[in-house]
Structure formats: structure tokens, C-alpha cells
Amino acid sequence: MQRNVGGVGAGGQPWVLRRVRLTWLSFMLFFILVFFPLIAHYYLTTIDEAGGPDKRIFGPRPGGELCEAKHVQDLCRIRESVSEELLQLEAKRQELNGEIARLNLRIEACKRSIDSAKQDLLQLKNVISQTEHSYKELMAQNQPKLSLPVRLLPDKEDPGLPPPKSARSCRLRSCFDYARCPLTSGFPVYVYDTGSYPWGEYLDPLVKQAFAASVKSNIYITDNPSIACLYLVLVGELQESSSSPLPSPSELEKQLKALPYWRSDGHNHVLVHLSRKSMTQNFLYNVSTGRAAVAQSTFLEQQYREGFDLVVSPLVHALSEPNFLEVPPQVPVKRKYLFTFQGERVESLRSSLQEAPPQSFEEEMEGDPPADYDDRIIGTLKAVQDSHLDQVLVEFTCKNPRPSLTTEWALCGEREDRLEVLKVSTFALVIAPGDGQLVASAGCGMRLFEALEVGAIPVVLGDHSRLPYHQFIRWSEAAIIVPKPRVTELHFLLRSLSDSDMLAMRRQGRFLWETYFSTSENVLNTILASIRTSIQVPAAPIKEEPAHEIPHKAGKLAGTDANLADNGDLDLGPVETEPPYASPRFLRNFTYTAAETYKTWNRAPGPFHLFPHTPLDPVLPSEAKFLGSGTGFRPIGGGTGGSGKEFQAALGGNVAREQFTVVMLTYEREEVLMNSLERLNGLPYLNKVVVVWNSPKPPSDDLLWPDIGLPIVVVRTEKNSLNNRFLPWDAVETEAILSIDDDAHLRHDEIMFGFRVWREARDRIVGFPGRYHAWDVNHQSWLYNSNYSCELSMVLTGAAFFHKYYAYLYSYVMPQAIRDMVDEYINCEDIAMNFLVSHITRKPPIKVTSRWTFRCPGCPQALSHDDSHFHERHKCINFFVKVYGYMPLLYTQFRVDSVLFKTRLPHDKTKCFKFI
């Protein structure tokens with residue numbers, strides 16, 4: 001029993017102990033896990049507080065000191081950056097919200113302003129509409145409505161006008177049917193076929209052939225006789241054939257009346273007799289021509305109907321063109337002989353030397369004039385020759401006299417021999433026939449033609465003579481006409497002329513010869529122009545050069561070059577917001593007066609009545625006051641005062657507003673061209689840009705052209721020629737042309753200043769780069785010089801303004817030899833234009849600003865950089881002088897700047913453009 005108790009007890013004691021130990025161990029673990037951290041935390045906290053904030057180890061740390069740990073620095077930086085960005089975004093959000101609020105307020109204000117502006121605009125439109133209606137009513141009251149006149153075309157058998165009292169008393173008012181030639185008819189001319197009438201077989205073959213060739217090239221010829229204003233009949237020169245004699249006057253009269261459109265009296269017919277010989281019979285003297293006018297070289301006084309018939313020049317160059325290089329130069333003014341005369345009288349009425357005693361000139365003038373002064377003329381001229389005061393050549397006998405009319409002085413020898421004498425003669429005597437009834441003769445016309453051809457100033461002895469086209473040509477500017485009784489004073493008169501007067505007469509004579517007499521085409525044109533001027537029908541417009549445009553793609557809107565836009569305080573004027581407008585056309589064609597006839601026939605640019613009108617009527621400075629907008633002159637842009645600022649706000653000048661066209665020549669330099677075109681963006685008063693594409697290769701397909709807000713017309717040319725620069729393209733619709741190279745670099749203010757100056761000197765070249773010519777004493781020739789100098793005689797057309805009228809003259813009137821040389825050298829077209837304008841106006845060009853060069857920096861080299869460039873230009877100048885016969889270029893020391901150039905002004909004032 002005890003062993004079991006003891007065993008149980010012994011066995012249970014370890015279990016109790018184990019349980020007590022487990023309990024105690026659990027308690028100790030709990031105590032350690034709970035209280036030990038608290039005690040440690042308290043202890044450590046007490047130590048940190050005792051050691052100060054700088055010696056803390058575990059306590060909280062101020063600021064970002066915890067970020068000093070290496071592994072959390074990146075995270076801290078990210079946190080700080082994100083926080084800063086969030087703050088900035090919030091600030092921006094608040095700012096944008098404020099801006100949106102302000103913009104909403106402005107939008108509302110703008111809406112209210114738009115509504116108010118719409119109401120004002122509507123009111124203005126109503127006012128404008130009422131004003132236009134009132135204006136139209138006033139115009140309708142004060143100006144009648146005009147329309148083209150109804151054209152009256154008489155029937156074939158309609159006799160038209162009542163018959164005049166006598167055929168010898170015919171004048172335009174009584175013998176010409178104006179109903180067939182209204183102002184707007186265009187002056188159609190019908191020419192009878194020379195093979196359709198009987199006397200055609202007797203016509204001189206050369207005359208017939210030359211006449212037919214001239215008819216083909218004339219713009220007035222029509223094949224429809226029913227609408228013709230004028231009918232031309234070639235009646236001479238006749239040649240007698242071996243098979244049959246010439247028709248008698250009565251037969252010729254019957255044949256004329258048998259013409260299909262003669263209409264019983266021949267009104268509006270012109271019988272043309274062209275003489276090739278000095279011995280030209282007056283076949284129409286005994287022929288009754290009715291109301292038909294006669295145009296020939298030989299007239300008797302009782303035959304010639306003043307103001308109706310026409311004295312024409314002989315047809316010397318029938319089929320051949322004159323060689324301008326063989327024409328002697330116009331300088332020196334004084335030649336070997338003071339005057340010359342070679343001739344022999346065919347027959348004289350009577351000789352005053354056979355009468356005894358001879359009368360003095362004073363006695364003869366007091367009584368009846370003698371029948372023939374020729375004997376006294378012979379004695380006087382021989383006395384001058386024998387005096388040896390001046391070297392003269394007079395010969396009154398010929399080895400081989402040419403056949404001539406009775407009482408006329410026969411020509412001596414061959415034409416080539418006579419020209420050689422005239423080439424060394426300062427003056428050439430033309431003695432009128434001894435018969436005073438012979439008012440015009442082919443022999444005198446031949447002498448006059450030869451003298452003008454070689455530059456010998458004609459001296460006509462006999463004031464009763466009718467010179468060719470004397471109703472229209474002021475012969476006193478090219479010839480000296482004296483009565484025969486003044487032959488004793490002739491030597492004194494010729495010696496008293498100055499060199500400048502003689503040179504002016506010689507130059508005018510050369511112009512008349514080239515324009516009216518030199519070729520068969522000119523002779524026919526002059527005959528028609530004389531009649532057309534007499535009946536006051538305006539000339540037809542010259543056919544312009546058609547511009548065959550090359551399609552191109554416009555790229556982005558061109559920007560504005562800062563260098564070009566920086567014009568300082570200069571106001572260049574408004575950029576045109578309306579579509580481009582052309583210059584007025586045909587303003588004065590129907591209003592030419594008789595007082596202007598001599599001016600237009602005798603001025604150097606070429607008579608506006610002879611040559612067809614240009615579509616743009618040239619406006620010379622003296623005519624500018626007549627320009628307007630259809631109802632009268634309005635000085636648009638002028639008269640705004642001299643302060644400058646107001647003046648520049650308008651275009652200025654004394655002519656109505658206008659624009660100019662840029663003509664730019666280029667050859668396979670696309671990048672340079674695009675840059676130049678882009679520089680034109682924003683240029684005021686620019687109408688359009690015409691790019692003359694001078695290359696046979698078209699522009700690149702992917703080439704994007706700048707959009708400058710104005711038309712850019714790219715013109716395709718038939719060949720590579722510098723003459724294409726001056727073709728009168730129909731795309732150019734303004735009078736003012738700015739010719740500019742594709743590498744020219746000009747500021748807008750410079751271009752505008754040049755345009756303003758040109759408007760006040762419309763007949764001259766106005767540009768920037770100046771050049772001059774000089775005489776080389778060593779080589780006796782002219783030189784081209786581009787050095788800086790105190791004077792100039794040329795302005796290069798690579799950057800210059802000129803009138804479009806000169807483009808017509810350059811392309812159609814200027815001698816072809818000059819254009820051929822330009823094509824040969826691919827050079828000198830600018831020199832040729834300067835020669836032409838100076839020859840026409842007798843004025844030098846005008847240089848503006850101090851610019852001497854105008855090439856853009858960095859552009860590829862042009863033709864002018866070639867070594868042969870200057871040598872070719874030397875040759876061009878000397879060749880042009882030969883063609884013109886003299887040096888037309890004039891020197892000037894004149895340069896144009898603004899009126900207030902380099903003048904200090906208040907800040908509220910602006911310089912004005914004007915030339916000094």
C-alpha cells in the first residue's frame with residue numbers, strides 16, 4: 001500500500017513541478033515581451049532627452065533628416081518633386097480659370113461689338129447704296145448715254161454724197177464718205193488685185209511685188225470689200241512693153257470707172273502711184289479721177305488738191321532692206337563740204353541771163369517774178385565755190401544725166417556715186433523745178449530721200465514745193481526751206497547754224513527717213529496713216545505678245561523677310577486689299593485734236609498716228625493731267641501736304657492711282673527665284689509678277705511656288721533670249737513695269753521710292769544700278785564702265801522702272817540688228833534699252849538712292865561675272881552707235897533722294913518721298 005502511495009506521490013511530484021515551471025516560464029516570457037520593451041523605450045527616451053537633440057539616436061528627427069539615409073534619398077526626391085509639381089499645376093489651374101473667365105467676358109463684349117458693327121455696316125451700306133443711286137441719277141441727268149454709232153454701209157450702187165461742183169475742188173468734207181469709216185470701224189482697207197484690172201500688166205514688176213508684200217503684212221487690210229472704209233488701187237509705176245503701148249488717159253479713165261466698187265465717182269478710193277525713177281510720167285494728169293484721192297510723187301499745181309491728195313516719197317528700196325551699218329554716222333557734225341549739188345537742167349523755160357539788162361533780185365521781186373531763177377542760182381553758187389571761203393561742190397553738168405521731167409534738175413550718175421558725195425556733205429541742195437506749176441516731182445523726192453538717208457541736211461530752194469506728207473511732217477525740223485530769191489543769202493544762212501542745231505536736224509531727218517521712207521512697208525503704212533489721221537480714225541492696237549503660261553503649284557504662304565520689313569519710320573503705303581487693277585486703256589484714242597497732229601507725227605518715240613496704238617496709251621508728263629477714272633481727273637494720292645506722314649499714306653504724285661508689274665527673267669535657278677519671289681510678299685501697289693521662264697526645260701514638278709497673295713504668271717518662251725525680258729506680254733496690264741533680275745535684292749522702301757519717282761518721270765528709265773560710257777582715245781572707240789563715278793548715262797534694267805510703251809518699241813520698232821546682237825552675245829539687252837529710250841527722249845535715265853549694286857548675297861554667279869562680259873559690252877556699245885548713227889546716251893550728275901533725305905524730324909513726322 002505504501003509503495004503504491006509512495007509511487008503515486010513520487011510519480012505526481014514531477015508533473016506538478018513541470019506545470020509550475022511551465023506557468024512561471026510563460027509568465028516570464030510575457031513579462032519580457034511586454035514590459036521589457038516599455039522599460040527599454042522609457043530608458044532610451046530618457047537618455048536622448050538628457051543628451052540633447054543633436055545626440056538623439058532613436059527619437060523623431062526634424063525636417064528631412066530621415067532622408068539622410070542612402071536607401072531612401074531617391075524616394076524623398078521623388079516625393080518633393082511631385083509635391084512641387086502638384087503645387088505648380090494647381091497654381092496654373094487657378095490662373096487658367098481666371099483667364100477663361102476674363103476671355104468669356106471679352107467674348108461677350110465682342111459679341112455686343114459685332115452686333116453693333118453689323119448695325120453700323122448695314123446703315124453704311126444703305127448710305128452707300130443711296131449715294132450710288134443719287135450719283136447715277138446725277139450722271140444720267142448731266143451726261144447723255146453713249147453707244148457705238150450705227151455703221152452705215154451703202155449699197156453697191158449707192159452714189160453716196162451729192163456730186164461736188166468740180167473734181168478739182170474735192171476736199172475730204174465734200175468727196176469722202178465718212179459713213180463708211182466710223183470711229184470704231186478699225187479702218188478696214190480693201191486692196192484691188194493688180195491682176196484683176198487691164199493696166200496691171202504694165203505695172204513695174206518690182207513695184208507690184210513690193211506693194212503685194214507690204215499689203216500682206218499690214219494689219220488694216222481686209223478681204224471683205226463690203227465693210228471696207230478705204231479702197232486702194234495701184235496705178236503705177238507703169239512700164240511700156242514692146243508688145244503694146246501704155247493705155248491712153250481716156251482708156252485709163254474708163255478702166256478706173258469699171259472697177260467693181262468704184263460706185264460711179266470713186267469716193268473712198270485712193271489711186272497709189274509709186275515712183276522708182278526720177279523720170280516718172282504724170283499719167284493721171286489728164287485723167288478724171290472723180291472723188292478718188294491720188295497719192296503720188298509728181299503733181300502739177302492745177303492737179304493737186306490740197307488736203308485731199310497726198311504727196312508721197314519715191315520707192316527707192318522696193319524689195320531690199322536698207323543696211324544701217326552702211327549709213328554714215330551723224331557725227332562729226334561738219335563734214336568735208338559745206339554743201340553740194342550735182343545736176344543738169346533738162347530744159348528751162350527761159351534764161352534770165354539772155355535778157356539785157358538783167359534785173360536785180362530786188363527789182364524782180366517788186367515786179368512780176370521771172371519765169372526761171374535757175375540761171376541766177378547757178379551764178380551765185382559758182383561765186384560761193386570760187387570764193388574758197390568754204391569748201392563746196394557744185395556741178396551743173398553731168399556725164400551721165402538721168403532722165404527727168406522738163407524744167408527739172410536731172411540727177412547725175414549712178415545712185416552709189418551720188419551717195420558717196422552726200423556722205424561727205426554737211427548740206428545737200430535740192431533745187432525745185434524751174435516750172436512753178438510743178439509743185440512736186442519724183443526727182444526732188446529722190447534727192448530728198450538720198451540726203452536724208454546719208455545724213456546730209458536737205459536745203460530746198462523753192463518754197464512753193466510740196467514735200468512728202470507736208471500736211472503732217474514739220475519739215476522745218478529736218479530741212480531748210482528758202483525761197484529762190486534768197487539764194488544770195490544762202491551761204492550766210494548755212495554758216496550761221498550752230499552745231500547743236502545741225503545735229504538735231506540731222507537726227508530728225510534720220511528719224512523721218514527710217515520711219516516713213518526707208519522701205520516699201522513704211523511707205524504703205526505712211527500713206528494709210530496719213531488718210532486715217534485726216535479722217536480722225538484712231539489707230540488699231542498693236543498685237544501684244546501672248547503669254548503662254550506654265551502651270552505651277554502654289555506652296556505655303558510666303559513669310560516676310562525681317563530685313564525687308566525693317567523700313568524704319570517709313571510708311572510704304574497700304575497693301576492693296578482689293579483685286580489687282582489694270583491701268584486705264586484707250587483713254588484718249590477718240591479725242592485726238594488737230595493741234596496734236598504735228599506733235600504725234602514728229603516726236604521721236606514714233607508717231608502714235610502712224611504706228612498702231614499700244615493697248616496701254618502712254619501717259620507722258622504733259623498729258624498726265626487728263627487721266628482720271630472716267631468722269632474727270634481726281635488727284636488720288638496727291639495734294640496731302642508736305643509733312644510726309646500723310647503724303648506717304650497715299651501714293652502721291654499728280655496722276656491717278658495705279659499699280660506696277662514686276663517682270664522677272666530667270667534661267668534654271670529655282671531656289672534663287674523662289675527667294676526673290678518671296679521677298680515681294682507684302683509689297684504695296686504690286687499688280688502681279690510675270691516670270692519669264694527663259695529655259696527650254698520646264699520648272700520641276702515638285703517645285704512649290706510661294707503664295708504672295710498676288711498672281712504669279714510664269715511665261716514660257718520660244719527660245720532662250722534676253723530680248724524676252726522686253727516683250728510686251730499681254731499679261732502685263734499696267735503702264736509701269738519693274739524689270740528685275742531673279743537675283744536682285746531690293747528692299748520694299750527702295751522699290752516704292754523708285755515707283756514714286758517714275759510716276760513723275762514716266763518717259764524715262766528710273767532705277768538703281770548706274771553705269772556710264774566713256775571714249776577711249778587710244779583705240780578711238782566707246783567703252784562700257786561700271787566703276788563708281790560722279791556721273792552716269794545708263795541705268796541697268798536688272799532693277800529699273802520703265803513704261804510698257806518702250807517694250808513695244810524695243811520689240812517691234814527698234815532695228816532688228818540690235819536684237820540679233822543681243823541674241824548673239826547673250827548680253828547687252830539693258831544697254832540696248834538705254835540707247836532706245838535716250839534716242840527717243842533725248843534725256844538721260846534717273847538713278848534713285850545711293851545703291852550701286854543690287855545682287856543678293858550668297859546667290860550663284862550670273863553671266864556678268866564672266867571675264868568676257870565687259871569685252872562684249874564694249875563691242876555692243878560701238879555696234880549700237882553704228883546702227884543709230886550717233887551716240888544717243890546722255891550724261892547726268894543727277895541722283896534722286898527723298899526731299900527730307902538725312903533731315904532730322906520730330907518723332908511724329910515721317911520722311912516723304914519726292915525727288916530733288
Side-chain angles (χ1 to χ4, degrees), residues 148-160 176-236 255-274 289-295 310 312 315 318-319 519-535 537-544 546 589 609-613 615 812:
L148 294 179
V150 178
R151 185 170 186 181
L152 303 178
L153 296 177
D155 295 333
K156 181 177 179 180
E157 302 300 333
D158 185 4
F176 191 86
D177 186 5
Y178 282 87
R180 300 194 64 88
C181 303
L183 294 176
T184 58
S185 64
F187 194 63
V189 178
Y190 177 79
V191 180
Y192 284 93
D193 183 11
T194 55
S196 62
Y197 39 78
W199 70 87
E201 60 179 315
Y202 300 102
L203 291 174
D204 186 335
L206 288 179
V207 173
K208 184 190 302 185
Q209 188 176 356
F211 184 77
S214 301
V215 165
K216 290 181 180 180
S217 61
N218 195 279
I219 62 175
Y220 297 106
I221 303 302
T222 179
D223 295 330
N224 187 359
S226 61
I227 66 169
C229 164
L230 200 68
Y231 298 85
L232 285 188
V233 185
L234 183 63
V235 297
Q255 294 172 4
L256 287 175
K257 293 182 178 179
L259 291 174
Y261 309 103
W262 187 261
R263 295 187 180 89
S264 74
D265 58 2
H267 60 272
N268 291 44
H269 278 64
V270 179
L271 309 180
V272 180
H273 187 283
L274 301 178
T289 58
R291 286 196 174 112
V294 178
L310 192 64
V312 302
L315 185 62
L319 294 177
T519 64
S520 60
E521 182 178 355
N522 288 346
V523 171
L524 177 61
N525 289 340
T526 307
I527 293 174
L528 296 181
S530 302
I531 300 172
R532 181 177 49 75
T533 303
S534 299
I535 63 176
V537 175
I542 294 179
K543 183 180 179 181
E544 295 188 290
N589 289 30
H609 284 284
L610 172 62
F611 292 113
H613 267 291
Y812 303 138

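- Not one N or O on the side chain of Thr194 forms a donor-acceptor pair closer than 3.5 Å with the backbone of Gly200.
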Item to complete: Could you walk me through whether Leu274 and Val523 pass side chain to side chain contact (heavy atoms under 4.5 Å, CB included), step by step?
Response: CA-CA 9 Å; Leu274 301 178; Val523 171; 4.0 Å; yes
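- In this structure, Asn268 contributes its side chain and Leu230 its backbone to no donor-acceptor pair below 3.5 Å.
- For the atom pair CZ (Arg263) and OH (Tyr231), the distance works out to 4.0 Å, reported to the nearest 0.5 Å.
- When all heavy atoms are compared, the tightest approach of Val270 to Ile531 is CG2-CD1, 3.4 Å.
- Asn218 contributes no side-chain N or O that, together with a main-chain N or O of Ser214, makes up a donor-acceptor pair within less than 3.5 Å.
- Side chain of Tyr197 to main chain of Leu234: a donor-acceptor pair is present (N/O by atom type, distance under 3.5 Å, no hydrogens or angles).
- One distance of note links CD1 of Ile221 with NZ of Lys216; it measures 12.5 Å at 0.5 Å rounding.
- The environment of Asp223 atom CG is sparse: at most 12 non-hydrogen atoms of other residues, nucleotides or ligands sit within 6.0 angstrom.
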Fill in: Verdict with reasoning, Val191 to Phe211, per side chain to side chain contact (heavy atoms under 4.5 Å, CB included)
CA-CA 10 Å; Val191 180; Phe211 184 77; 3.6 Å; yes
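- Note that CG of Leu271 is 12.0 Å distant from CG of Leu310, once rounded to the nearest 0.5 Å.
- Taking each heavy atom of Ala318 and Ser520 in turn, the nearest pair found is O-OG, 3.3 Å.
- For the residue pair Thr222 and Asn224, no side-chain donor N or O sits within less than 3.5 Å of a side-chain acceptor on the partner.
- Atoms NE2 and CZ, from His267 and Phe176 in turn, are 9.0 Å apart once rounded to the nearest 0.5 Å.
- In this structure, Tyr812 has no ring-ring contact (aromatic ring centres under 6.0 Å, His included) partners at least two apart in sequence or on a different chain.
- Listed by chain and number, the residues in a side-chain contact (heavy atoms from CB on, under 4.5 Å) with Ser534 are Leu172, Phe472 (sequence neighbours excluded).
- Not a single donor-acceptor pair under 3.5 Å links the side chain of Ser185 to the backbone N or O of Cys181.
- Of all heavy-atom pairs between His273 and Gly236, the closest is CD2-CA, 3.5 Å.
- Note: Tyr190 and Tyr261 have perpendicular aromatic rings, judged against thresholds of 30 and 60 degrees for the angle between ring planes.
- Taking each heavy atom of Leu232 and Leu528 in turn, the nearest pair found is CD1-CD2, 3.8 Å.
- The ring-ring contact (aromatic ring centres under 6.0 Å, His included) search around Phe187 returns Tyr220, not counting sequence neighbours.
- When all heavy atoms of Trp199 and Val235 are compared, the pair lying nearest together is NE1-CA, 3.6 Å.
- With rounding to the nearest 0.5 angstrom, the CG atom of Asn525 is 6.0 Å from the CG atom of Asn522.
- Between the side chain of Lys543 and the backbone N or O of Ile219 there is no donor-acceptor pair closer than 3.5 Å.
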